[in-house]
Protein chains: 2
Amino acid sequence: MDSKIGAEERIMQAAIAVFCLRGYDGARMQEIADSADISKASLHYYFRSKENLFRKTVRELFSSIIRNIRSRISEDDSIEEVIGKLVNGYVDMFTAHRRQAFYFLTELMKHEEVLSEIMAGLDTSAFTGGILERFRKEREAGTIIDIEPVDLLINIIGMSVFPIMAEPMLKRALNLSEAEFSNLLAKRKPIVINFVLAAVLRDKP
Amino acid sequence: MDSKIGAEERIMQAAIAVFCLRGYDGARMQEIADSADISKASLHYYFRSKENLFRKTVRELFSSIIRNIRSRISEDDSIEEVIGKLVNGYVDMFTAHRRQAFYFLTELMKHEEVLSEIMAGLDTSAFTGGILERFRKEREAGTIIDIEPVDLLINIIGMSVFPIMAEPMLKRALNLSEAEFSNLLAKRKPIVINFVLAAVLRDKP
DNA sequence: GTCTATATGGCGATAGAC
DNA sequence: GTCTATCGCCATATAGAC
């Protein structure tokens with residue numbers, strides 16, 4: 001790990017990596033310390049306890065994901081462009097941060113109380129951007145079918161994200177090799193976009 | 001836990017519950033023993049080690065899920081019926097076994113090597129049933145659009161399953177209460193079915 | 001087969017020198 | 001601030017009586 005940057009920063013990066021890989025219970029303070037090129041004692045000097053370190057990493061991770069997913073969509077994009085950018089954005093984000101997103105969901109299920117409190121202060125509206133509002137307008141204008149904005153968004157995210165998250169299970173269920181599965185994932189963006197457009201557009205191109 | 005059934009069976013049930021709740025690292029042999037109304041020593045008498053018990057539970061869980069998901073679809077169902085039954089089946093299954101499915105995915109990511117070996121002997125073809133073949137036929141006959149059977153299946157599963165699995169994250173991202181979110185989930189089945197039909201059918205009703 | 005008691009090892013956390 | 005050495009605890013696993 002790059003020793004030019006400060007110890008505290010190195011520890012955070014190492015901790016995120018180790019927590020994501022092993023989960024909270026599986027993570028070892030020793031491995032985090034080693035990975036940050038620092039002794040276990042120094043680690044405790046900076047962050048009093050494992051739980052404290054855990055909380056800090058979760059907060060950091062979540063806000064960075066929110067920042068990352070910030071809408072790339074502008075007001076004057078057509079509905080086709082909006083949907084295209086959404087699919088591209090979600091696929092790219094979850095491809096890049098699959099392990100983190102996964103870790104997040106897992107720990108949310110195991111330590112729901114702790115994490116509710118951690119995330120209470122974070123602004124989550126950027127997560128969905130102004131997308132829901134945009135869908136609502138299109139629905140009113142009649143350019144798309146009569147569907148709840150939330151349901152449309154969930155459909156888009158689900159098709160985009162599910163195969164990425166469920167890869168280890170899907171690969172086996174479908175009997176696909178590593179290469180075959182990557183190939184399948186790589187080709188999905190336009191397929192999902194066309195699928196959504198075919199379902200929601202009133203006037204097909 | 002019901003003490004009329006054999007100790008071994010009681011332990012398996014208790015182990016599955018505890019592993020699903022806490023994950024492998026978070027699970028305690030003491031909790032499994034308590035939950036099975038048996039001493040920790042007896043637990044080790046039946047299953048030599050924690051890892052051994054873990055492997056047995058994973059094998060049992062996975063094959064029971066496969067059995068459960070076995071196609072409810074018959075040859076002479078219309079394509080509309082097929083899609084309807086698929087959505088209903090996946091939603092019901094993942095609603096009932098959300099924690100287990102989740103646990104599964106998580107451990108698959110953390111201990112991929114171990115689990116590959118465990119599942120090598122299991123028949124996974126029931127997981128997708130004859131669905132892919134059916135989609136291929138409909139595509140050739142031209143009743144549905146030109147889409148890879150695998151992609152269509154992933155789209156259906158993704159929309160059905162994603163919001164159930166991602167509940168803890170989605171609830172916060174969308175700022176919905178427990179009640180609001182359940183309500184949303186409860187209403188989704190027909191929405192997803194109609195969405196899929198709108199996207200794939202050549203001749204709309 | 002089932003138990004209590006104990007061995008063994010690893011982990012988070014701390015003491016205290018430098 | 002950083003380290004080595006060590007404490008104290010708890011979890012898996014075993015020994016051995018019943």
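Predicted model, so just to flag it, every value in this text is computed and none were measured. Each chain gets a letter, A, B and so on, in the order its sequence line appears, and its residues count up from 1. In what follows, every heavy atom counts, from backbone to side chain, and hydrogens, waters and symmetry copies are set aside.
The CG-C1' distance, from B/Asp34 to C/dC3, rounds to 14 Å in whole Å. The separation between B/Phe54 atom CZ and D/dT12 atom P is 14 Å, rounded to whole Å. As a whole-Å value, the separation of B/Ile32 CD1 from D/dA11 P is 12 Å. Per the geometry, CZ belonging to B/Phe47 stands 16 Å off P belonging to D/dT14, to the nearest Å. As rounded to whole Å, 10 Å separates atom P of C/dT4 from atom CD of B/Gln30. The NZ atom of A/Lys50 sits 13 Å away from the C1' atom of D/dC10 (whole-angstrom rounding). Taking atom CD of residue B/Glu9 and atom C1' of nucleotide C/dG1, one finds them 18 Å apart after rounding to whole Å. For the pair A/Lys40 NZ and D/dT4 C1', the computed distance is 11 Å after rounding to whole Å.
Neither OP1 nor OP2 of D/dT14 sits under 4.0 Å from any side-chain N or O of B/His44. In terms of phosphate contacts, A/Tyr45 brings no side-chain nitrogen or oxygen within less than 4.0 Å of OP1 or OP2 of C/dT14. Note on A/Arg28: a side-chain N or O is less than 4.0 Å away from OP1 or OP2 of C/dG12. Within the 4.0 Å cut-off from OP1 or OP2 of C/dT2, not a single side-chain nitrogen or oxygen of B/Ser42 is found.
Put simply, CD1 on B/Ile157 and CE on B/Met93 are 9.0 Å apart, with the number rounded to the nearest 0.5 Å. Taken to the nearest 0.5 Å, the CG atom of A/Leu170 stands 8.0 Å off from the CG atom of B/Leu153. The CG atom of B/Asp146 lies 4.5 Å from the CZ atom of B/Arg139; values are rounded to the nearest 0.5 Å. Rounding to the nearest 0.5 Å places OG of B/Ser160 at 7.5 Å from CZ of B/Arg188.
Counting only heavy atoms from C-beta on, A/Ala41 has its side chain closest to C/dT14 among D/dT2, C/dC3, C/dT14.
If you check every strand for non-hydrogen atoms under 4.0 Å, B/Ala27 touches sugar and phosphate atoms only.
Using the six-membered ring where Trp is involved, A/Phe19 and A/Tyr103 have ring planes that are parallel, under 30° apart on the 30 and 60° scheme.
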